[in-house]
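Here the structure is laid out as structure tokens; the discussion comes afterwards.
Scope of the values below: all heavy atoms of this structure, side chains included, with no hydrogens, waters or symmetry mates. Not measured: the values here are computed from a predicted model.
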Amino acid sequence: MTGVAIGLNKGHGITKIEKKERPSNRKGRLGKRTKLVREVIREVAGFAPYERRLMELLKVGKDKRALKYAKRRLGTHIRAKRKREEMQGVIRRMKAHK
């Protein structure tokens, strides 16, 4: 903004005001406590039967079949992709841990 009436930077010169982050922008972000609780529950309860089947499909290399299976179980494509990634991560950690 140059104060000139024409051109790319036309208009009155101003200074931008930094806006604070709204609480609604933080919604859904994973907190420390929630993460810990989920880890403890996973440790105690283990995996659901459909998650075990999903891991078996991934172990034998049937990624697409695993995605389709997860989609049928979870309802949406995005949730299925996220779950498949999560289970692949679990398998990777199991291999690394051995």
Side-chain angles (χ1 to χ4, degrees):
M1 304 293 172
T2 58
V4 180
I6 57 169
L8 287 172
N9 296 319
K10 70 177 181 177
H12 184 70
I14 58 163
T15 55
K16 285 250 180 177
I17 299 171
E18 284 295 318
K19 291 180 180 163
K20 288 190 289 185
E21 188 183 21
R22 289 167 176 246
S24 62
N25 291 343
R26 203 197 160 283
K27 188 175 183 206
R29 216 177 278 172
L30 189 64
K32 282 184 276 186
R33 185 188 172 95
T34 309
K35 186 178 181 188
L36 178 71
V37 168
R38 284 183 188 165
E39 283 173 7
V40 169
I41 289 170
R42 175 66 78 189
E43 230 174 89
V44 172
F47 296 100
Y50 87 93
E51 289 174 328
R52 285 198 291 271
R53 172 137 186 239
L54 206 59
M55 285 195 283
E56 283 304 313
L57 287 167
L58 291 168
K59 280 178 188 172
V60 296
K62 300 202 170 194
D63 287 29
K64 189 170 182 178
R65 171 58 53 197
L67 181 67
K68 288 174 108 174
Y69 180 73
K71 187 174 180 294
R72 289 290 298 151
R73 292 285 158 186
L74 298 169
T76 69
H77 185 67
I78 290 171
R79 285 178 184 175
K81 286 200 298 188
R82 194 177 297 138
K83 181 60 79 175
R84 182 178 64 173
E85 282 301 311
E86 184 188 328
M87 291 298 122
Q88 284 173 334
V90 167
I91 292 168
R92 271 195 299 274
R93 281 194 297 278
M94 284 172 136
K95 282 183 181 176
H97 196 263
K98 284 182 181 178

Validation row: [X], [Y] side chains within 4.5 angstrom (heavy atoms):
{"X": "Phe47", "Y": "Leu54", "result": "no"}
{"X": "Val4", "Y": "Ile6", "result": "yes"}
{"X": "Gln88", "Y": "Asp63", "result": "yes"}

Atom pair OH/CZ of Tyr50 and Arg72 - distance to nearest 0.5 Å:
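Interatomic distance, Tyr50 OH to Arg72 CZ, rounded to 0.5 Å: 14.5 Å.
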State the NZ-NZ distance between Lys35 and Lys32, to the nearest 0.5 angstrom.
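Going from NZ on Lys35 over to NZ on Lys32, the span is 11.0 Å.
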Enumerate the salt bridge (Lys or Arg N to Asp or Glu O under 4.0 Å) contacts for residues 15-26, please, sequence neighbours excluded, ordered by first and then second residue.
Glu21-Arg29
Pairs involving residues 73-89, ordered by first then second residue, that meet salt bridge (Lys or Arg N to Asp or Glu O under 4.0 Å) (sequence neighbours left out)
Arg42-Glu86, Glu51-Lys83, Lys83-Glu86
Contacts of type side-chain contact (heavy atoms from CB on, under 4.5 Å), residue Thr34, not counting sequence neighbours:
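Counting only residues at least two positions away or on another chain, Thr34 forms a side-chain contact (heavy atoms from CB on, under 4.5 Å) with Leu30, Arg38.
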From the list Arg65, Arg52, Lys64, Lys68, side-chain contact (heavy atoms from CB on, under 4.5 Å) with Leu57 holds only for Arg65
For Lys10 and Ala5, the nearest pair of non-hydrogen atoms, with its separation, is CD-O, 3.4 Å
Heavy-atom count check: over 12 atoms from other residues, nucleotides or ligands less than 6.0 Å from Ile78 CD1?
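Counting other residues, nucleotides and ligands, CD1 of Ile78 stays at 12 neighbours or fewer.
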Do Leu58 and Leu67 sit in one hydrophobic cluster, given that two such residues count as connected whenever their side-chain heavy atoms are within less than 4.5 Å of each other, even indirectly?
no
